Amino acid sequence: MQSRFLKADAEAMVARYGGAGVLRDLALRVYTTRLLGADPRLVLHGGGNTSVKTRTPDLMGREVDVLCVKGSGADMATIEPAGLPAVRLAELRLLRTRDALSDEEMVRLQRANLIDPMAPNPSVETLLHAFVPHKFVDHTHSTAVLGLIDQADGEARAAEVYESRMGIVPYIMPGFALAKRAAEIYEANTAANGLILHKHGIFTFGDSAEEAYERMIEMVSLAEAALRRGRRALPRLPGGVGRGALLRLAEAAPIVRGACAFKDTAHGAHRRLILELRSSDAILNFVNGADVKRYATAGVVTPDHTIRTKNWPLVLEAPQQAGEFAVSTAAAAAAFMEDYRRYFARHNARYGGVKTMLDPLPRVVLVPGLGLFGLGRSKKDARIAADLAEVAVETITDAEAVGRFESISEADMFDCEYWSLEQAKLGAAKELPLAGQIAAITGAAGAIGAATAKAFAAAGAEVAVLDVNEAAAHTVAQAIGGAALALRCDVTDPASVQAAFDNVAEDFGGVDIVVSNAGAAWQGRIGEVDEAILHKSFDLNFYGHQRVAQAAVRIMRAQGTGGCLLFNTSKQAINPGPNFGPYGLPKAATLFLARQYALDHGADGIRANAVNADRIRSGLLTDAMIADRAKARALTPAAYMRGNLLGREVTAEDVAQAFLAQALALKTTADVTTVDGGNIAAALR
């Protein structure tokens, strides 16, 4: 591992924060913390922590000795000074005289001694930082170090590699007991440059930020060198991963996603997860290994991972024939969830049954020949699980290359997974109503489509923005932010529709909601209009909806968790306007298409509803068309737009809210919702 410390950059950081009154010590601490956090071989997603012992004014202006330590859950790669809250050091060190200290009391005492009472909670490993004397302390979950020490004889291996340069601490769950034991081991050899925490990670110390950082790089490099000696490859499955061609990702992903869901029978809704695939050569080598079911399910590589990945992945068979893969995957997922329930019951009994079980769904799925999936209630969470799973692949591969991977015990894993201090990292925010769902919107670059995409994203859905204008789709996706996916989709081209939905399935794992919105308006007196105009309108305004719905239903049925089809049918389907037949006729057919889907696929749990909107300013209803339609009704343009019972102009956002309401109405299908401000002639009878 190469050092990335540059004195010029360090001094630039000091200069940058100096004008804001940040101490030099803290600015340097931020600099090296970011260096550590930027390397995924050391730190990922809130893992690891750093500290500096310095002096700072308290709220009364009195200089006090403090420990500035990473706040719980902060990201080391992007940390700011505020992410290292200052805690009174003397009071922390007094705690070492205690014989015992509960986790909850430890947190209260740490918070009580914050210089800024509004600061985030200090790290759960704050006391370990406080109990060692060095000014700068760094802690990471280095993959190389974990590969060396995640063995039954990991302590002996570490002692051989580091000799007396590092203290070796047996596995103890983070908290007061670990801090005391680590301090005792350091004091038995005060010449040590740091500590190796068995099956957990590594600490290094220094009198300067540079020294602590460089020692981390050096000690990790020694572990890397040890792993290169006498290395052996993972044995492969005889004959490869299967007997024939594998399913495409777009076919396999919805099957995996559907199996990794369960139905809330009280509400009729499914709890679904979003997928993120990783398939590097290293990952494929891992998942195609002959012993993958042994080493992959042996436990976590460091306790910090358990709250994001659970303690073991779901391991599947190679995806070949779709029907067989669906059956075997459903059985494997059901067995995983049952094993998790039994695991919870076994260990909850040790706590007197007071714990509340988390959902039993897997967060990592290994698929021979395909790779690994990270799963989460959002794309962000799925990516985090996948990132951590990649680290686990590297660590376990290293461990198996020089020995045999061994994790902490199952009881220890449960204690970490259901540890209140770890659970707090996940936050207490209430889930949004469409969390875990994937929505694809066609015509999403237009006014109604863009408003609908934004509304569904705000409700927690992962959104695919589909439009024939790919550049405009990207603009909408960027405005939404997050993991919004922009794709070109020409609904008049079957291949384009199939490719777009394949891409949605590959990126997110499937689809749950489709808003079939793409359309365009043609005018003309029906007795005079050219037949070619009618063909164009039907191709876009009817067959386009059919192509989209068919592509979505194939995925929804593969998932087996139902779904929702929403069609923009326009009030023209009910109340045709003069000289507007070329547009109204296919819209009327689309309204009946929605009801046919409700009828034919209700047994699949697929709902189909329609929104009849009228007079929405958009690319379809341009100023010129508004003027034409107003003239056809002998109205001014302003009067035409407000020509409803409420006398109010209806907006794209109003239509978006109607689509959202239909998506949330789990027991409503074959519905037609009118969004027109009131038009008795367009009301359904």
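Every value quoted in this text rests on a predicted model; they were computed, and no experiment measured them.
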Pair R278-E390, salt bridge (charged side-chain N to carboxylate O under 4.0 Å, His left out): steps then yes or no: CA-CA 8 Å; R278 302 291 169 83; E390 278 201 77; 2.6 Å; yes
Does the side chain of [X] reach to within under 4.5 Å of the side chain of [Y], using non-hydrogen atoms?
X: P313; Y: T297; result: yes
X: L370; Y: L316; result: no
X: T452; Y: N517; result: no
X: L388; Y: I384; result: yes
X: R363; Y: L273; result: yes
X: M556; Y: L565; result: yes
X: C489; Y: V497; result: yes
X: L585; Y: F542; result: no

Just by distance, do the side chain of [X] and the backbone of [Y] share a donor-acceptor pair under 3.5 Å?
X: Q559; Y: V511; value: yes
X: R607; Y: A665; value: yes
X: S328; Y: F325; value: yes
X: Q662; Y: A610; value: yes
X: S537; Y: I533; value: no
X: E276; Y: A386; value: no
X: R547; Y: V491; value: yes
X: E470; Y: A486; value: no
X: T622; Y: M625; value: yes

Side chain to side chain contact (heavy atoms under 4.5 Å, CB included) evaluation trace for I526 with L534: CA-CA 9 Å; I526 198 64; L534 288 176; 4.3 Å; yes
Mind checking the [atom1]-[atom2] spacing from [X] to [Y]? Nearest 0.5 Å is all I need.
X: D507; Y: L485; atom1: CG; atom2: CG; result: 4.5 Å
X: N575; Y: D614; atom1: CG; atom2: CG; result: 7.5 Å
X: N679; Y: K571; atom1: CG; atom2: NZ; result: 5.5 Å
X: R308; Y: D381; atom1: CZ; atom2: CG; result: 6.0 Å
X: S378; Y: L432; atom1: OG; atom2: CG; result: 10.0 Å
X: L375; Y: R257; atom1: CG; atom2: CZ; result: 9.0 Å

Using the side chain to side chain contact (heavy atoms under 4.5 Å, CB included) rule, take H305 and V391 through it: C-alpha gap first, then chi angles, then the decisive distance, then the call. CA-CA 10 Å; H305 286 193; V391 165; 3.9 Å; yes
Which pair of heavy atoms, one from [X] and one from [Y], lies closest together, and at what distance?
X: L44; Y: D387; answer: CD1-O, 3.6 Å
X: A318; Y: L246; answer: CB-CD2, 4.0 Å
X: P319; Y: P368; answer: CD-O, 3.3 Å
X: A521; Y: Y583; answer: CA-CD1, 3.6 Å
X: H270; Y: G560; answer: NE2-O, 4.2 Å
X: A500; Y: L466; answer: CB-CD2, 4.1 Å

Mind jotting down which residue pairs meet the salt bridge (Lys or Arg N to Asp or Glu O under 4.0 Å) criterion with at least one end in residues 583-606? Sequence neighbours excluded, please.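 Matches after skipping sequence neighbours: R557-D604.
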How about [atom1] on [X], more than 12 heavy atoms from neighbouring residues, nucleotides or ligands closer than 6.0 Å, or not?
X: K379; atom1: NZ; answer: yes
X: E531; atom1: CD; answer: no
X: R271; atom1: CZ; answer: yes
X: R525; atom1: CZ; answer: no

Pairs satisfying side chain to side chain donor-acceptor pair (under 3.5 Å), at least one member in residues 481-504, at least two apart: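 Residue pairs with at least one partner in residues 481-504: R248-D502, D490-T492, Q498-D502, Q498-R554.
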Which class fits the ring pair Y340 and F336: parallel under 30°, tilted 30 to 60°, perpendicular over 60°?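 Plane angle under 30°, so parallel.
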Where do N609 and L566 land on the side chain to side chain contact (heavy atoms under 4.5 Å, CB included) test, with the steps shown first? CA-CA 5 Å; N609 297 302; L566 303 175; 3.9 Å; yes
Which residues share a side-chain contact (heavy atoms from CB on, under 4.5 Å) with V287, sequence neighbours left out: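 Here the qualifying residues are I283, L284, L366.
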Quick one: does NZ or CZ of R633 land under 6.0 Å from the six-membered ring centre of Y640, within 45 degrees of the ring axis?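 So R633 doesn't make the cation-pi contact.
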Side-chain donor-acceptor pair under 3.5 Å between H474 and Q478, yes or no?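 Not at all, the side chains of H474 and Q478 share no donor-acceptor pair under 3.5 Å.
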Side chain to side chain contact (heavy atoms under 4.5 Å, CB included) between I616 and D654: does it pass, once the steps are laid out? CA-CA 9 Å; I616 311 299; D654 297 322; over 6 Å; no
Under a 4.0 Å N-O cut-off, is there an ion pair linking E649 with R617?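 Counted as a salt bridge, because a side-chain N and a carboxylate O are separated by less than 4.0 Å.
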Tell me which one of T673, T668, T669 satisfies side chain to side chain donor-acceptor pair (under 3.5 Å) with D671.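 Of all the options given, the one that passes is T673.
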